[in-house]
Amino acid sequence: MKKHEKMVRIVNNMFFLIESLFKTTASLVAEDTLFNKDFLDKFSDPQDKEKLEEAVAKLKADNDNKPHKITLKNKEEVTIVVN
């Protein structure tokens, strides 16, 4: 019985280490900002670009990671999420 408990503990520790490795790697990758050219092309108008920058700054300041809609000059709605 003790041998079984020891093996279970070893396996649990291995899973914990693997999970920690994946979480660390994911957090390092998440720090990089990802841009989609098609998405950024929607903000070619200076007023739209300013709206985007203001919304991103506010969401970052509030640590808000929920979807937020921005209405562009051409009445198109764009949803952004800041992590």
Side-chain angles (χ1 to χ4, degrees):
M1 191 69 171
K2 283 189 174 199
K3 190 174 186 180
H4 174 72
E5 289 174 8
K6 192 173 184 179
M7 286 298 292
V8 168
R9 213 173 322 139
I10 290 172
V11 170
N12 283 341
N13 287 340
M14 286 174 47
F15 281 127
F16 176 77
L17 290 172
I18 292 169
E19 178 185 12
S20 298
L21 177 65
F22 280 114
K23 285 183 178 179
T24 302
T25 304
S27 69
L28 291 173
V29 172
E31 293 298 318
D32 292 340
T33 306
L34 300 176
F35 290 108
N36 181 335
K37 183 172 175 6
D38 294 332
F39 175 78
L40 287 179
D41 286 345
K42 293 180 181 186
F43 297 92
S44 58
D45 184 86
Q47 289 176 337
D48 291 338
K49 192 174 282 192
E50 187 177 325
K51 279 184 183 179
L52 174 66
E53 290 170 359
E54 288 173 1
V56 169
K58 183 178 182 332
L59 292 172
K60 281 185 176 181
D62 295 344
N63 200 19
D64 186 357
N65 60 355
K66 295 178 186 149
H68 179 77
K69 288 188 179 182
I70 299 173
T71 304
L72 303 177
K73 195 174 182 179
N74 65 1
K75 306 293 186 223
E76 181 182 358
E77 281 193 346
V78 178
T79 303
I80 63 169
V81 178
V82 176
N83 290 329

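This structure is a prediction, so every number in the text was calculated from the model and none was measured. Starting from 1, each residue takes its place in the sequence as its number. All heavy atoms count here, side chains included; hydrogens, waters and symmetry mates do not.
Rounding to the nearest 0.5 Å places NZ of K49 at 7.5 Å from CG of L40. The distance from atom CD1 of I18 to atom CG of L21, rounded to the nearest 0.5 Å, is 8.0 Å. Distance check, rounded to the nearest 0.5 Å: CZ of F15 to CG of N12 gives 8.0 Å.
Nearest approach of K73 to D48, heavy atoms of both residues: N-OD1, 2.9 Å. F43 approaches V78 most closely through the heavy-atom pair CZ-CG1, 4.0 Å. Between P67 and T79, the closest heavy-atom pair is CB-CG2, 3.6 Å.
Using modelled atom types, no side-chain atom of K51 and backbone atom of L72 make a donor-acceptor pair closer than 3.5 Å.
Summarising the local packing, CG of D41 is surrounded by more than 12 heavy atoms from other residues, nucleotides or ligands at distances under 6.0 Å.
Under the 4.5 Å side-chain criterion, counting only non-hydrogen atoms from C-beta, L52 is in contact with I70.
Residues satisfying the salt bridge (charged side-chain N to carboxylate O under 4.0 Å, His left out) test with D64, not counting sequence neighbours, are none.
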